[in-house]
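Throughout, numbering of the chain's residues begins at 1 and tracks the sequence.
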Amino acid sequence: MKELFQFTKVSALILGLAMITTTASASTLEDVKKKGVLSCGVSEGVPGFSNPDSSGKWVGLDVDMCRAVAAAVLGDPTKIKFVPLASKQKIIAVTSGQVDLTSRTTTWTMKRDTKEGADFTAVVYYDGQGFMVRKEDGIKSAKEMSGASVCVTTGTTTELNIADYSRANNLKLEAVVFDGKKEALNAYASGRCDVFTTDTSQLASLRTTLKDPENHIILPEIISKEPLSPLVRHGDNQWKDIITWVIFGLINAEEKGVTAANAAEMKAKSTDPTVQRMLGKTGDLGTFIGLDNDWLLRAITSVGNYGEIYERNLTKTLGLERGVNQLWSKGGILYASPLR
């Protein structure tokens with residue numbers, strides 16, 4: 001009887017481990033195809049990156065990355081559900097399975113990549129933290145902010161960076177912490193804080209939402225590196241590869257001059273071997289990630305190449321120049337691995 005009891009316990013343990021392993025190794029690709037819709041976590045509203053427009057349609061660079069994935073995987077960029085996430089929710093939402101992908105101005109850090117159950121894919125925007133102040137205060141440099149109160153969002157690299165910067169420069173800044181970026185911005189706008197801090201791209205974005213944007217200035221200092229990347233659940237290598245290579249594909253498309261308007265024609269007429277592989281005329285790149293060979297053609301046709309996405313969402317909307325986010329061949333640091 002004792003041996004039977006022990007055998008039963010061991011069998012239960014093995015069954016339990018098998019169930020955990022099965023759950024952990026479940027294919028996100030299969031799940032998305034079964035649902036027929038991609039669940040994408042986005043911000044609660046950052047113009048240029050992810051924000052509902054006047055008709056309620058989600059638009060922005062991060063949004064377009066999700067649409068490109070939906071087009072590649074499901075054949076339709078509209079088969080997508082956008083889930084607004086606060087900063088403190090952006091990682092747990094994807095690790096818990098609430099969303100299939102988080103594309104939400106999230107900085108790629110060592111802790112997030114190794115300790116929090118998430119895998120980053122590819123950098124879609126190279127950013128850095130900055131500061132916004134009221135023009136009337138006469139502050140010209142971040143090093144003139146000693147004793148100031150700073151509105152900041154909890155659960156972000158921004159919160160940690162401001163503490164480091166304050167100590168390193170003996171500024172004695174007072175961090176006033178909020179759960180969400182909107183709350184932090186509203187507190188700054190109402191005068192509760194002297195300074196508002198976040199990534200410089202978001203400062204430019206959120207400044208446009210203030211009642212009197214011309215009365216607020218962004219200081220010249222950039223105090224951190226903030227490589228922003230979509231993230232997925234740790235452990236599903238195929239799904240990570242799909243997101244990574246969709247992004248790399250959009251960047252490579254810009255390098256080769258493949259656009260939303262000419263992609264189909266270039267597939268038919270281009271003699272460039274890279275373009276032929278990219279658009280599925282030759283080779284079998286799609287099989288490497290469990291998709292057909294038109295996966296990238298659909299993504300490009302749906303949202304355009306990286307340059308088109310940037311122009312539409314950041315240059316025209318916010319006036320943000322490419323800067324370091326220009327292609328490596330044009331003086332920037334944007335560089336995608338080769339499609340071969």
- Message: What verdict does the ring pair (Phe, Tyr, Trp, His ring centres under 6.0 Å) test give for F131 and Y165, after you've listed the backbone C-alpha separation in whole Å, the side-chain angles of each residue and the deciding distance to 0.1 Å?
- Response: CA-CA 12 Å; F131 302 95; Y165 187 76; 5.8 Å; yes

- Item | R112 side-chain N/O to T107 backbone N/O, donor-acceptor pair under 3.5 Å | yes

- Task: Specify whether W58 and F82 have parallel, tilted or perpendicular ring planes, treating 30° as the upper limit for parallel and 60° as the lower limit for perpendicular.
- Result: tilted

- Message: For P230, is there any backbone N or O sitting under 3.5 Å from a side-chain donor or acceptor partner on S103?
- Response: no

- Task: Hey, could you give me each pair passing side-chain hydrogen bond (donor to acceptor under 3.5 Å, both in side chains) that has a residue in residues 62-84? Not counting sequence neighbours.
- Result: D64-R312, D64-N313, D76-T78

- Atom of L291, atom of A72 and distance for their closest heavy-atom approach: CD1-O, 4.0 Å

- Query: Between the side chain of Q89 and the main-chain N/O of A86, is any donor-acceptor distance below 3.5 Å?
  - Reply: yes

- Query: Taking all atoms of both residues into account, what is the closest heavy-atom pair of A264 and L297, and its distance?
  - Reply: N-CD1, 4.1 Å

- Task: Would you confirm whether T102, through its side chain, and K90, through its main-chain N or O, come within 3.5 Å as a donor-acceptor pair?
- Result: yes

- Measure from the side-chain N and O atoms of S50 to the backbone N and O of G60, and report whether any donor-acceptor pair falls under 3.5 Å. no

- Reported CZ-to-CG distance for the pair F49 and L61, which is rounded to 0.5 angstrom: 6.0 Å

- Message: Quick check: closest heavy atoms across L74 and L38, and the distance to 0.1 Å?
- Response: CD1-N, 3.8 Å

- Item | Least distance between heavy atoms, E308 atom then G304 atom | OE1-CA, 3.1 Å

- Message: As a quick check of understanding, evaluate side chain to side chain contact (heavy atoms under 4.5 Å, CB included) for L250 and I300, giving each step before the final call.
- Response: CA-CA 7 Å; L250 298 177; I300 297 168; 4.1 Å; yes

- Message: Can you confirm whether more than 12 heavy atoms, excluding those of F288, are under 6.0 Å from its CZ atom?
- Response: yes

- Expected output: side-chain E226 to main-chain Y126 donor-acceptor under 3.5 Å: no

- Task: Identify, with sequence neighbours excluded, every residue that meets side chain to side chain contact (heavy atoms under 4.5 Å, CB included) alongside T200.
- Result: D127, I222

- Query: Any idea which heavy atoms bring L206 and P47 closest together, and the distance?
  - Reply: CD2-CD, 4.3 Å

- Task: Determine, step by step, whether L29 and I242 satisfy the side chain to side chain contact (heavy atoms under 4.5 Å, CB included) criterion, reporting the C-alpha distance in whole Å, the side-chain angles of both residues, the deciding distance to 0.1 Å, and the verdict.
- Result: CA-CA 9 Å; L29 175 60; I242 289 172; 4.0 Å; yes

- When every non-hydrogen atom of V232 is compared with those of L101, the smallest separation belongs to CG1-CD1, 4.1 Å

- Task: Specify whether Y310 and Y306 have parallel, tilted or perpendicular ring planes, treating 30° as the upper limit for parallel and 60° as the lower limit for perpendicular.
- Result: tilted

- Task: Treat each ILVMFWY residue as a node, draw an edge where side-chain heavy atoms are under 4.5 Å apart, and state whether I309 and L327 are in one component.
- Result: yes

- Message: Please evaluate residues V32 and W239 with respect to the criterion side chain to side chain contact (heavy atoms under 4.5 Å, CB included), reporting the C-alpha separation (whole Å), side-chain torsions for both, the decisive distance (0.1 Å), and the verdict.
- Response: CA-CA 10 Å; V32 169; W239 186 242; 3.9 Å; yes

- Query: D199 side chain to Q202 main-chain N or O, any donor-acceptor pair under 3.5 Å?
  - Reply: no

- Decide yes or no on side chain to side chain contact (heavy atoms under 4.5 Å, CB included) for V124 and I247, but give the supporting numbers first. CA-CA 7 Å; V124 296; I247 296 168; 3.8 Å; yes

- Message: Whether the side chain of D100 engages the backbone of S39 through a donor-acceptor N/O pair (distance < 3.5 Å, no angle test) should be reported.
- Response: yes

N/O donor to acceptor pairs below 3.5 angstrom from side-chain atoms of residues 275-287, sequence neighbours left out:
from : atom 1 : to   : atom 2 : distance (Å)
Q276 : NE2    : S270 : O      : 3.1
R277 : NE     : L339 : O      : 3.0
R277 : NH2    : T274 : OG1    : 3.4
R277 : NH2    : L339 : O      : 3.4
K281 : NZ     : A268 : O      : 3.1
T287 : OG1    : D284 : O      : 2.6

- Apply the side-chain contact (heavy atoms from CB on, under 4.5 Å) test between R104 and each candidate in S87, C66, P84; give the one that qualifies. S87

- Query: Okay, side chain of S166, backbone of I162: is any donor-acceptor separation there less than 3.5 Å?
  - Reply: no

- Please check if the distance between the ring centroids of H216 and Y188 is under 6.0 Å. yes

- Is a salt bridge present between D292 and R298, judged by a nitrogen-to-oxygen distance below 4.0 Å? yes

- Note on the structure: Across all chains, not counting sequence neighbours, the salt bridge (charged side-chain N to carboxylate O under 4.0 Å, His left out) partners of R167 are D164

- Task: Could you tell me which residues satisfy salt bridge (charged side-chain N to carboxylate O under 4.0 Å, His left out) with D179, sequence neighbours excluded, listed by chain and number?
- Result: K88

- Task: Would you list the pairs meeting side-chain hydrogen bond (donor to acceptor under 3.5 Å, both in side chains) in which at least one residue belongs to residues 248-267, sequence neighbours left out?
- Result: E254-R322, E255-W328, K256-D272, T259-N262, E265-K269, K267-D294

- T158 side-chain N/O to T198 backbone N/O, donor-acceptor pair under 3.5 Å: no

- Note on the structure: Between the OG1 atom in T157 and the NZ atom in K111, the distance rounded to the nearest 0.5 Å is 12.0 Å

- Before accepting this row, confirm whether a basic side-chain N of the pair D31/K34 lies closer than 4.0 Å to the acidic partner's carboxylate O. no

